[in-house]
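A short write-up of the structure that comes next.
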Amino acid sequence: MSVRVRFAPSPTGQVHIGNIRAAIFNWLFARHHGGKFLLRIEDTDRERSTPEAVQGVLDAMAWLGLSTDEAPVYQSSMRAAHVAAAEDLVRRGAAYREDKGGTGKGEAILFRMPAEDVEFQDDVKGQLKKAAKDVKDFVIVRSDGSPVFHLGNVVDDIQMGVTHVIRGDDHVENTFRHVALYRALGATVPKFAHLPMIVNAQGKPYSKRDGAAYVGDFREKGFLPEALFNYLALLGWSPGDEREVLTVDEMVAAFTLERVHPSPAQVDQAKLMWMNGEHLRRRPLGERVAGCKADLQANGIWRDGMDEAYLARVVDAMAERVKLYTDMSVQAGFFFNDDFAYDPKLVEKRLRKPVDMEAGLGALHAAWAALPEFSEAALEESLKALAVARGANPAEFIHASRVAVSGMGVGPGLYVMLVVLGRERVLARLGRAKNLCARTDAAAPGSAGGNG
RNA sequence: GCGCCCAUCGUCUAUCGGUUAGGACACGUGGUUUUCAUCCACGUAAGCGGGGUUCGACUCCCCGUGGGCGCGCCA
C-alpha cells in the first residue's frame, strides 16, 4: 500500500508554526516512503475562511518547499458527499435525526457511537483506548444541513485515500470518534500519529503573545526557509544520531514516526537564530550577496548603480557575523553610507577619553595616505609603528580607527574592514572623525575652542 | 467534575534494563585577535515524588504531583 498523507488546514488566518510543522512532518513522511503528500483546504467555515487565508497557506508551503503531489481539495466542494454519507448512516441505523437539546432549530443528524470501547494504535503515542461510555453521540450534520468537521474530515480522508493521518495532539480525542465513523462507513481505518504541541514557557499552547507565531513572522524577520524547516522538524523529532543541522534530503532519509517524541516542546528563539546562521553560511556566496542586497535595498541603504563587487567583498568580510540577512542593515550599513552615525558612547570612549585621538587620527591619515599599498599587512604594520612611535598602545589606535571608519564598536577584523572600505573612504572618514575628538565638552579647560 | 495524554540539564533532545546519563542552543571560563565579534578549548547543568517488579531501573507497573488536551449544531 503506498503512503498517502495530507495537510488539512482551515484557512481562517495566518499559518501558525504548529500547523506548518504538522505539514512538514506529513511531507517528510510522504517523501521518506515515496508516497503522496496532499493538501485539503478545510474551508467549510464560511464565516471565517477567506481567499487571502487560502493564499497565505499556499505561500507558506511554497516558501518552505512543501510541494504537493495532487491538486488541492477544497472541502466546501465535498459537501454533497458528506451529506450523502450521513444519509447513508441514517438509513443503516448508525445515525439518527434529533433536535438535540430541543433548540427548536430543527433536526440535526447525530452519529450513534457504538456500544463497544474504541481503540486505535497511534504511531507516536502507542495503543490508545477509550471506554464506550466516555464517547457520546455527536452531531455530524447540523439542522441547517451543513456537515460538521468530524464527518467531513473522515469522508474526505476516505475519498482521498489517506493512509496515515498525521496531525496535532489536540485531535487525539476526536480520533476515537473518527475511528468509529470509519468503521460505520465501512472504510479501512487509516493509521494515526499525533504530534506533540508547541507550547510557550508556561506550557500553554504557543501563541502570538509568545512571540513570532506565524510562518510570515519568521519570514519577515529574515529567517531562511530551510532553517525554519530544520528547526521545526527537530521540535519533537530527532534523526537518532547527533546531527542537528540537516538538509532536507537528510531529513527525508532519516524521518520516521517512531522517532517522534511524544511530549510538548518549546520554541527556543536563540537556537533558531543559531540554526539560521548555520544554514546561512552554507549558502553559496552569490546567494548570500543577493539576500544581503535585498535587505539593504529594503532599508534604503542600497541604491541602484552601487558597486556589486564591493557588495560581495563586504558580505564576505561580514561572513559568520551575519546570522540573518536583516543583520546587514544594522551591522554593515556603514560600508555603503558615508554619512553613517557615530555611537556617542564610543566616540567618548575611543576618540576623546582617556586619550584625545585628534592628533593620532591625523597621523594615521597622513601615514595611510602615503602607503604605497593599501593592504592588510601594510595597514597593520603602519598602525602599530605609529602607535609605538607616539608612545601609545596599538589597541588604542585600533579601537579609534574602528570607530572612526564605522561609527561602531563591532564589525569585521579592523584591517580587513579597512581594505574593503578602500583608501579613499577610509581617509575621508578619518578626516571626519578628527572633528569629533575632544575639542568641545570633553576638552580640558584652556584647550577648548579650537575650530580648525 | 469525568476522560485521555505527557513528564531526562534553563531549552531542544539521545538513551528502547546494566552508560562516568551523550549531543546541541544558551550560559561561564580560558586561548586566539595588542580590536568588539567570530573561532577554538574547557566547564556548570538533568532522570518530578513515593511505592513496587528485577541481581540491576531514567527505562517496566502502580499511586501521587504538575502540566496539556477533550467533554460544541467550532475546526
Side-chain angles (χ1 to χ4, degrees), chain A residues 8-12 42-45 47-49 75 98-101 103 105-110 122 124-126 128-131 133-136 138-150 152-153 168-177 194 196-199 201-205 231 234-245 258-259 261-275 277-278 281 318-323 331 346 350 380 383-384 387-388 392-403 406 408-415 417:
Chain A
S10 302
T12 55
E42 303 213 332
D43 59 346
T44 53
D45 187 338
E47 299 294 308
R48 297 192 293 157
S49 298
Q75 189 161 58
E98 182 185 295
D99 180 2
K100 190 186 173 212
T103 60
K105 284 190 287 189
E107 291 190 321
I109 298 178
L110 280 81
D122 188 296
V124 171
K125 308 171 90 72
L128 265 25
K129 187 179 176 181
K130 195 94 169 174
K133 67 175 173 60
D134 293 321
V135 192
K136 295 183 288 189
F138 56 98
V139 172
I140 52 178
V141 177
R142 300 184 188 86
S143 51
D144 67 2
S146 62
V148 164
F149 162 74
H150 303 293
N153 192 269
D169 224 349
D170 49 341
H171 283 294
V172 184
E173 300 291 327
N174 292 332
T175 306
F176 294 104
R177 297 199 235 285
H194 290 94
M197 309 296 284
I198 294 178
V199 299
Q202 286 72 240
K204 308 280 185 196
Y231 182 76
L234 253 37
L235 227 43
W237 172 79
S238 68
D241 47 38
E242 286 174 347
R243 289 177 298 165
E244 300 222 76
V245 180
E258 294 78 68
R259 294 210 58 84
H261 194 83
S263 59
Q266 291 181 32
V267 174
D268 182 348
Q269 304 275 354
K271 186 155 186 176
L272 205 210
M273 187 67 83
W274 164 79
M275 187 162 276
E278 292 298 310
R281 72 182 58 173
M318 291 300 289
E320 305 190 342
R321 224 164 303 268
V322 174
K323 286 204 160 45
Q331 290 182 19
L346 288 169
R350 301 301 188 191
E380 180 168 1
L383 181 144
K384 287 179 179 171
V388 170
N393 189 321
E396 286 169 26
F397 275 61
I398 289 173
H399 284 124
S401 312
R402 177 184 291 287
V403 172
S406 75
M408 303 170 68
V410 298
L414 176 66
Y415 307 112
M417 187 162 85

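In what follows, every heavy atom counts, from backbone to side chain, and hydrogens, waters and symmetry copies are set aside. Just so we're on the same page: letters track the sequence lines, and every chain starts at 1.
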Quick one, A:Val410 with A:Gln331, criterion side chain to side chain contact (heavy atoms under 4.5 Å, CB included). Give me CA distance, side-chain angles, the key distance, then yes/no. CA-CA 8 Å; A:Val410 298; A:Gln331 290 182 19; 5.7 Å; no
Start with the C-alpha gap between A:Arg402 and A:Leu346, add the side-chain angles, then the distance that decides, and say whether side chain to side chain contact (heavy atoms under 4.5 Å, CB included) holds. CA-CA 10 Å; A:Arg402 177 184 291 287; A:Leu346 288 169; over 6 Å; no
Assess the residue pair A:Leu272 and A:Val267 against the criterion (side chain to side chain contact (heavy atoms under 4.5 Å, CB included)); give the C-alpha distance rounded to whole Å, side-chain angles, the decisive distance to 0.1 Å, and a yes or no. CA-CA 8 Å; A:Leu272 205 210; A:Val267 174; 5.5 Å; no
For A:Met275 and A:Leu234: C-alpha separation, side-chain torsions, deciding distance, then whether side chain to side chain contact (heavy atoms under 4.5 Å, CB included) applies. CA-CA 11 Å; A:Met275 187 162 276; A:Leu234 253 37; 3.9 Å; yes
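In this structure, A:Glu244 places its CD atom 10 Å from C1' of B:rA14, rounding to the nearest Å. Computed from coordinates, the A:Phe138 CZ to B:rA75 C1' distance equals 14 Å when rounded to whole Å. The distance from atom CZ of A:Arg243 to atom P of B:rA24 is 15 Å, rounded to the nearest whole Å. Protein atom CD of A:Gln266 is 21 Å distant from nucleotide atom P of B:rA24, rounded to whole Å. Whole-Å rounding puts the A:Met197 CE to B:rC12 P distance at 15 Å. Residue A:Met275 contributes atom CE, which lies 12 Å from atom C1' of B:rG23 at whole-angstrom precision. For the pair A:Lys136 NZ and B:rG72 C1', the computed distance is 9 Å after rounding to whole Å. Rounded to whole Å, the distance from CZ on A:Phe397 to P on B:rU34 is 16 Å.
With a cut-off of 3.5 Å on both pairing distances, the Watson-Crick or G-U wobble partner of B:rG66 is B:rC6. Searching all strands for a Watson-Crick or G-U wobble partner of B:rC39 with both distances below 3.5 Å returns B:rG31. B:rG72 is unpaired under the Watson-Crick or G-U wobble criterion, no partner having all donor-acceptor distances under 3.5 Å. B:rA21 is unpaired under the criterion used here, namely a Watson-Crick or G-U wobble arrangement in which both key atom distances are under 3.5 Å.
With B:rC25, B:rG67, B:rU34 as the candidates, the nucleotide lying closest to the side chain of A:Lys204 is B:rG67. Of the candidate nucleotides B:rA14, B:rU34, B:rG70, B:rG70 has the atom nearest to the side chain of A:Arg177. Distance from the side chain of A:Leu414 is smallest for B:rU35 among the nucleotides B:rC69, B:rU35, B:rC4. With B:rU13, B:rU35, B:rC4 as the candidates, the nucleotide lying closest to the side chain of A:Ser238 is B:rU13. Ranking B:rU11, B:rC12, B:rC6 by closeness to the A:Ser263 side chain, first place goes to B:rC6. For A:Ala270, the listed nucleotide lying nearest its side chain is B:rA26; candidates were B:rG22, B:rA75, B:rA26. Candidate nucleotides B:rC73, B:rG3, B:rA75 were compared by shortest atom distance to the side chain of A:Glu173, and B:rG3 ranks first. For A:Pro262, whose side chain is taken as the heavy atoms from C-beta onward, the closest listed nucleotide among B:rU34, B:rC4, B:rC6 is B:rC6. Minimum atom distance to the side chain of A:His261 is reached by B:rU13, of the listed B:rG72, B:rU13, B:rG23. Which of B:rA7, B:rU13, B:rA24 sits closest to the side chain of A:Trp274 comes down to B:rA24.
Nucleotides B:rU15 and B:rA7, compared at atom C1', are 16 Å apart to the nearest Å. Nucleotides B:rA45 and B:rG10 place their P atoms 11 Å apart, quoted to the nearest Å. Nucleotides B:rC42 and B:rU8 have their C1' atoms positioned 24 Å apart, rounded to a whole Å. For the P atoms, the distance from B:rU32 to B:rA41 is 15 Å, rounded to whole Å. Comparing the P positions of B:rC25 and B:rC2 gives a spacing of 46 Å, expressed to the nearest Å. A distance of about 15 Å separates the P atoms of B:rC5 and B:rG64, rounded to the whole Å. Nucleotides B:rA24 and B:rU65 are separated by 38 Å at their P atoms, to the nearest Å. Comparing the same atom, P, in B:rC60 and in B:rG18 gives a spacing of 12 Å after rounding to whole Å.
At a cut-off of 3.5 angstrom, the base of B:rA26 holds no donor-acceptor pair with the side chain of A:Lys271. A donor-acceptor contact under 3.5 Å is not formed by the side chain of A:Asn174 with the base of B:rC71.
Within 4.0 Å (heavy atoms only), A:Gly409 reaches at least one base atom of the nucleic acid. In this structure, A:Pro264 reaches the sugar-phosphate backbone alone: every heavy-atom distance under 4.0 Å involves primed, P, OP1 or OP2 atoms, never a base. At the heavy-atom level, A:Gln269 lies nowhere under 4.0 Å from the strands shown. Base contact: A:His171 has a heavy atom under 4.0 Å from a base atom. Note on A:Asp134: only backbone sugar-phosphate atoms sit closer than 4.0 angstrom, heavy atoms only; bases stay farther off. Nucleic acid contact class of A:Gly236 (heavy atoms, under 4.0 Å, all strands): sugar-phosphate only. A:Pro412 comes within 4.0 angstrom of a base, heavy atoms only. Across all strands, A:Asp99 comes closer than 4.0 Å to base atoms (heavy-atom distances).
Phosphate contact (OP1/OP2 of B:rC73, side-chain N/O of A:Ser143, threshold under 4.0 Å): absent. Within the structure, a side-chain polar atom (N or O) of A:Arg142 is placed less than 4.0 Å from OP1 or OP2 of B:rA75. For A:His150 and B:rC73, the shortest distance from a side-chain N or O to OP1 or OP2 is not below 4.0 Å. Note on A:Arg259: a side-chain N or O is less than 4.0 Å away from OP1 or OP2 of B:rU15. Under 4.0 angstrom from either OP1 or OP2 of B:rC6 there lies no side-chain N or O belonging to A:Lys125.
The one candidate from A:Glu42, A:His171, A:Arg177 that meets the side-chain contact (heavy atoms from CB on, under 4.5 Å) condition with A:Asn153 is A:Glu42.
Here A:Arg142 contributes atom CZ and A:Ser146 contributes atom OG; the two are 4.0 Å apart, rounded to the nearest 0.5 Å.
Closest-nucleotide positions on RNA chain B for A:Lys105 and A:Asp241 were compared, and the one nearer the 5' end corresponds to A:Asp241. A residue-by-residue look at A:Val124 and A:Val148 shows that A:Val124 has its nearest nucleotide of RNA chain B further toward the 5' end.
Residues A:Leu383 and A:Ser401 come closest through the heavy atom pair CD1-OG, 3.6 Å. Here the shortest heavy-atom pairing between A:Arg350 and A:Val403 reads CG-CG2, 3.7 Å.
Side-chain N or O atoms of A:Arg259 include none that pairs as donor or acceptor with a backbone N or O of A:Trp237 at under 3.5 Å.
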